[in-house]
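Numbers here are sequence positions counted from 1. Basis for what follows: all heavy atoms, side chains included, without hydrogens, waters or symmetry-related copies. Every number for a ligand or one of its atoms is a count from 1 in the order of the listing.
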Amino acid sequence: MLPFTSLLIANRGEIACRIARTARRLGLRTVAVYSDADAHARHVSACDVAIGIGGRTPAESYLRADAIIGAARRSGAQAIHPGYGFLSENAAFAHLCQREGFIFVGPPAEAIRAMGSKSAAKTLMERAGVPLTPGYHGDSQDADLLRAEADRLGYPVLIKASAGGGGRGMRRVESAAEFAAALASCRREAGASFGDERVLVEKYLLRPRHIEIQVFADAHGHCLYLGERDCSVQRRHQKVLEEAPAPGMTAARRAAMGAAAVAAARAAGYVGAGTVEFIVAPGGEFYFMEMNTRLQVEHPVTEMITGLDLVEWQLRVAAGEPLPLTQEQVVLNGHALEARIYAEDPARDFLPSIGRLEYLATPPAADDVRIDTGIAQGDRISPYYDSMLAKLIVWGSDREQALQRMLAALDQYRIVGVANNVAFLQRLVAASAFARADLDTSLIEREHAALFPDPQPPPRDAWLAAAAAILCRMRGSPGNSPWAARDGWRLGARAQRELVLRAGGATEPVGVRYLESGWLLRIGEADVAAGCEPHADSATEFTLTLDGRRDRLTAVQAGGRVHIFMRGVRMVFEHVDPLAATPSIAAGGSGLRAPMPGRVIVLAATPGIEVAKGAALLVMEAMKIEHTITAPSAGVLRSFRVAAGEQVAEGTELVEFVPAQEN
Ligand code: MV4
């Protein structure tokens, strides 16, 4: 029995849901906190009680230590789990929890503080005998001294902000001549970002891997490691794929890295779950980078190969229990891979995407397929928080099997409504360098050609599938039957119409003839006998027949587009219907309204002047993404209801627009 019965989870999204799952299994009463933007979020319904803390941005909500403590008091929670991000590595918050009489499910505040400064952590690690990257991390910040240290190390070197972390505040320096300027610029950035100009200098390692060791310590002096994770596949210091064990890891090196990680944790006076990050040279030499004093996003790959529940361990250790296993009892089994699914657009430099999840299908969860997520179909992705939608984790008896399962699971992961990186992940997992486990932190750049192919027009059968799905939908609703259609359908012996589709920069007219037996679709010079049957109780699943070949087809119609998922391919088609009203970005409201909270950046039209359908009226920006609000038809913009530079809430009426026919 745990000595506490109620746990407040000071986080949101998938990790809050993940923590709630284990807490409830252990019989704890779970308390969620939520911001105004998260009132309908899954983590709220995943808990027994939920307390609103107001605000929308992290600073107004999940970063407010006082609000979290207040919610803990009100709810009667006895323990607080910070998850990752937000307040999880905030020593002052850990201290505050303790002072206010709550159990903080994390390390002691002093251990968090000890690892907060890179140079202090390096000094601590040096004393503990943990291997460090050759470099200088002393107190003196004299430019000549730093430059002499760089000369001694040999170029290239890396200047890192002492207070930095996760890749921020770093400068690579190629030669002595560049050193002074790079130092000055790194200092400025460090001062501006962390309020601390101090830096350290390291030998720059070429083609390194990022391998981290999961450690666990209890309050009784026991400390062990739970193997490693290879997180080398990153993009701009954001992890994309993680796996355990690290390809090529030998038992001897694992034992050496594990011992170093345990020494690091002991030196910091660690209790709880922690991760010691190492940078690993191509020859296998490993060096301490930093220690993360929290549960990590990628902890599930460790759980998959150890069969352990790390959140359960965290709660038991926080309750004062000893670790349930000894080092010898920790057994690693098989191989696990995690892919992070983000709402971001790889074709637009991975810009985050927001909107409503119109459609979401995932592979079924199983012993070897795990999905950690905090969202479901119909939810809105807001601009306020991290754009990670889900983590997809698979297990295989070896790496090859895990990779195959990942590809199969990604194929079944289907999202409509926000741009996402699933197709990118499919290419990444299939890339030969990844398949060969030729890993290092520049894999994504090295494989650029394979990962960012030029957009290709869809294959012929995808056009036919899109046309068939549209026809099937029309047949399903009487008002849209071909007999009622406006665009060229005629009664007569040769019943015929045309659908114009657009995709991948190409436009294709698909001719349709209605026969007794089904449709005859004409594309280019070919005639293809086609049929499409919707599955019972489903608006999106079909059986498609093309010239006698049957396929399972998922077709999602949303916002004037048809999203096709078939034979492992995902494609979006626009149905060009010259007589239909163009759905505008603000469709659904009476006026033209802001589709998301954001800032007005450009007023693009002149009030009182007639504009054509599709003309830009106004440009908004939300989370670095620009959205152009266009005229839904020809008409006149009477007035703007907002000013350039104005911050607007979702749904704010932006313009008064009068369509031409009403003029
Ligand atoms: C390095 C390095 C090469 N040499 N240090 C980036 C994040 C921060 N924690 C440390 N990082 C690096 N430190 C030396 N001496 C290369 C990186 C690095 C990196 C490390 C891990 C994962 C991805 C990376 C991507 C670029 C650079």
Rounded to the nearest 0.5 angstrom, the NZ-CG distance for Lys160 and Leu158 is 5.5 Å
Can you tell me if CD on Glu174 sees more than 12 non-hydrogen neighbours from other groups inside 6.0 Å? yes
Below 3.5 angstrom, do we get any N/O pair linking Glu277 and ligand 1? no
Closer than 4.0 angstrom: is that true for some heavy atom of Lys160 and an atom of ligand 1? yes
For Glu202, the ligand 1 atoms whose distance to one of its heavy atoms is below 4.0 Å: 5 (N), 14 (C), 15 (N)
Quiz item: cation-pi between Arg399 and Phe434, 6.0 Å / 45°: yes
Is a donor from one side chain sitting under 3.5 angstrom from an acceptor on the other, for Arg113 and His95? no
Only heavy atoms count here, so choose which of Leu132, Ile444, Asn292, Thr441 is nearest to atom 23 (C) of ligand 1. Thr441
Below a 4.0 angstrom heavy-atom separation, can you tell me which part of Lys203, side chain or backbone, both or neither, approaches ligand 1? backbone
Gln234, any N or O under 3.5 Å of ligand 1 N or O: no
Any atoms of ligand 1 less than 4.0 Å from a non-hydrogen atom of His210? List them with their elements. 21 (C), 22 (C)
Can you check whether Leu205 has an N/O within less than 3.5 Å of an N/O in ligand 1? yes
So that I know where these two stand, are Tyr270 and Phe216 an aromatic pair - ring centroids less than 6.0 Å apart? no
Option from Leu337, Ile393, Asp230 for which side chain to side chain contact (heavy atoms under 4.5 Å, CB included) with Val301 holds: Ile393
Just which atoms of ligand 1 are under 4.0 Å from any heavy atom in Thr133? 15 (N)
Closest approach of Glu197 to Gln141 (non-hydrogen atoms, all atoms of both residues): O-OE1, 4.3 Å
Out of His237, Arg207, Arg209, whose heavy atom sits nearest atom 25 (C) of ligand 1? His237
Atoms of ligand 1, numbered as shown, that sit under 4.0 Å from any heavy atom of Glu290: 9 (N)
